[in-house]
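Quick caveat, the model's predicted, so the values are computed rather than measured. Basis for what follows: all heavy atoms, side chains included, without hydrogens, waters or symmetry-related copies. Positions are given from 1, in the same order as the sequence printed here.
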Amino acid sequence: MMNSSSFTMNTTCYTSLLILNSNQVLMNDRNYIKNPQTFSTLVMFGAGILSVVTIFGNLLIIIAYFKSEKVRNISNIPILSLAFTDMFIGFYPITMNIMEVALGYWPLGQAMCSLTLVLDYVSIQTSINHIVLINFDRYFSIKYPIKHRLHQRTSMVIVKLLSVWVLAFILWAPYINFYKYTSKKKTFSENLCYKQFSKVDDVKFKKYFFVITSVLGYFLPLSIVIVIYGKMYFILRQQLYEAPKSFQLPSLVPNSTEGLSQWQSLPYSSDLKQGVHADIQTSRELLKKRQRIKRHQKALKMIASIISAFLITGLPLNLQWLLVGMCNKCYSRVLFDVCNFLTYPNSTVNPFLYAYVSRTFRQQFKQLLQCNFNRKYSLDVKRNN
């Protein structure tokens, strides 16, 4: 009887200690917040706007791809896939992460925590891998245009996109599941998810994995895209230097089609006509080459803007991870929250960067928005009548 009573008392005390420890952790995490209620309201409001804008912007990319023949081509399939990935990030990971920051605890249990962490980090990594894939695709289209065009098939593009997801899953899913399995053996709070996962000293191997994931998941892709972009820039610069800046038809040949047919009927020698035709063909080829270079330059501007957003939004968090992996005392709760939040706007700004750099995307966005506005206006007029 005494043993049973003693066991019950020990269990009760142990449970009370866990609850007290959980509440203490939550209070410590909020020490830097003077007014938690105001903070929660502002965070939820900001996250809601960010989520809506992210979903809306990437949805425009998806609709523009399927609606416009100019946008719907094989080279833009990776951009379409990136739009789907970024839209998912706006729909799920942003809301889940900010929910815990705003509430101060994780209300959905550890099973949903494991699933959410995997979906969050895998989707973010997949978005990064898309940027690398887009850079490689543009590089080969500039360096080997004919060969790239012959080997560019939809099935090959789909295989590349699947590999992008697989690589992201291999990097993050085993680590997250192993961490959650290890944490079951320790007295971690059941009311924390992202905050617990971001801590450095809860398990021994975590600081090493912070270094591994920051190097393989961010700094390596960043180095690759910068090197590839530099190569593309110098290739286009060389091609632009070699191409003449102006193109003129021979002085004997009129510019209009009607004048050209009349000129062909004149009694010039056949050698003269053949020479002029050769000059015309050369001029047209050079003109096409220059137009192709200009298209590549526009694509290069788009890639540069994507890389810039990738650098600005991802560098603070990954620098902190790299630093914390080598210095446990360098960890800051406030800094991590801010840097972690900065990774999500990368998915938000991508569609607007496309519209800013690409005239085709910009025109499609205007048509879609004007079409929806005119449709809504016509419906309101009919109702009033």
Output yes when a side-chain donor or acceptor of S163 lies under 3.5 Å from a complementary backbone atom of K160, and no otherwise. yes
Give the C-alpha distance, both sets of side-chain angles, the deciding distance and a yes or no for side-chain contact (heavy atoms from CB on, under 4.5 Å) between L368 and K67. CA-CA 10 Å; L368 289 173; K67 190 174 182 180; 3.8 Å; yes
Evaluate the side-chain contact (heavy atoms from CB on, under 4.5 Å) criterion for residues T213 and Y218: first the C-alpha distance (whole Å), next the side-chain angles of each, then the deciding distance (0.1 Å), finally the verdict. CA-CA 7 Å; T213 52; Y218 182 80; over 6 Å; no
For S114 and I176, work out which heavy atoms get closest and say how close. O-CG2, 4.3 Å
Any side-chain to backbone donor/acceptor pair from N97 onto P93? Under 3.5 Å, distance only. no
Residues at least two apart in sequence or cross-chain that pass side chain to side chain contact (heavy atoms under 4.5 Å, CB included) with T126, listed by chain then number, are T85, V122, H130, V164, W165, A168
Heavy atoms of L311 and P316 approach each other most closely as O-CD, 4.3 Å
Excluding sequence neighbours, so at least two apart, what forms side chain to side chain contact (heavy atoms under 4.5 Å, CB included) with S68? K70, V71, Q364
Can you list the other members of the hydrophobic cluster that holds V349, where links are side-chain heavy atoms under 4.5 angstrom apart? L353
Can you confirm whether M156 is buried at CE, in the sense that more than 12 heavy atoms of other residues, nucleotides or ligands lie under 6.0 Å from that atom? no
In Å and rounded to the nearest 0.5 Å, what is the CZ to OH distance from F361 to Y65? 9.5 Å
Rounded to the nearest 0.5 Å, how far does CD1 of I312 lie from CG of L342? 10.0 Å
For M96 and W106, the nearest pair of non-hydrogen atoms, with its separation, is O-CZ3, 3.7 Å
Assess the residue pair F219 and L315 against the criterion (side-chain contact (heavy atoms from CB on, under 4.5 Å)); give the C-alpha distance rounded to whole Å, side-chain angles, the decisive distance to 0.1 Å, and a yes or no. CA-CA 8 Å; F219 289 106; L315 186 61; 3.7 Å; yes
For F178, the ring-ring contact (aromatic ring centres under 6.0 Å, His included) test, sequence neighbours excluded, returns F205
Sequence neighbours left out, what passes disulfide bond (SG atoms under 2.5 Å apart) with C113? Give chain and number order. C193
Residue among I89, I62, L161 satisfying side chain to side chain contact (heavy atoms under 4.5 Å, CB included) with F84: I62
Once side chain to side chain donor-acceptor pair (under 3.5 Å) is applied, do any residues pair with Q320, and if so which ones, sequence neighbours excluded? none
Count I, L, V, M, F, W, Y as connected when their side-chain heavy atoms are under 4.5 Å apart, and connections chain through other members. Are V157 and V166 then in the same cluster? no
Say you draw a straight line from CG of L117 to CD of Q110; how long is it, rounded to the nearest 0.5 Å? 8.5 Å
OG1 (T154) and CD1 (I74) are apart, to the nearest 0.5 Å, by 4.0 Å
Side chain to side chain donor-acceptor pair (under 3.5 Å): pairs with one or both residues in residues 115-125, sequence neighbours excluded: Y92-T116, D120-Y194, D120-Y344, Q125-N129, Q125-W172
Once rounded to the nearest 0.5 Å, what's the spacing between atom CG of N135 and atom OH of Y229? 9.5 Å
What distance separates S214 OG from L319 CG, expressed to the nearest 0.5 Å? 8.5 Å
Can you list, by chain and residue number, the hydrophobic cluster partners of I158 when the side-chain cut-off is 4.5 Å? L162
Apply side chain to side chain contact (heavy atoms under 4.5 Å, CB included) to L216 and list each qualifying residue two or more places apart in sequence or on a separate chain. L171, I212, L220
Taking CZ in F169 as the centre, count heavy atoms belonging to other residues, nucleotides or ligands within less than 6.0 Å. Is the count above 12? no
Nearest heavy-atom contact between H148 and D137 is NE2-OD1, 3.0 Å
Among residues at least two apart in sequence or on other chains, which ones pass side chain to side chain contact (heavy atoms under 4.5 Å, CB included) with S223? none
Please set out all donor-acceptor pairs under 3.5 angstrom arising from side-chain atoms of residues 51-60, sequence neighbours excluded.
from : atom 1 : to   : atom 2 : distance (Å)
S51  : OG     : G90  : O      : 2.4
T54  : OG1    : L50  : O      : 2.6
T54  : OG1    : T348 : OG1    : 2.5
N58  : ND2    : T54  : O      : 2.7
N58  : ND2    : S347 : O      : 3.1

ring-ring contact (aromatic ring centres under 6.0 Å, His included) partners of Y175, counting only residues at least two apart: F197, F209
Between S141 (side chain only) and R138 (backbone N and O only), is there a donor and an acceptor less than 3.5 Å apart? yes
Has N76 got a side-chain atom pairing as donor or acceptor with I79's backbone, closer than 3.5 angstrom? no
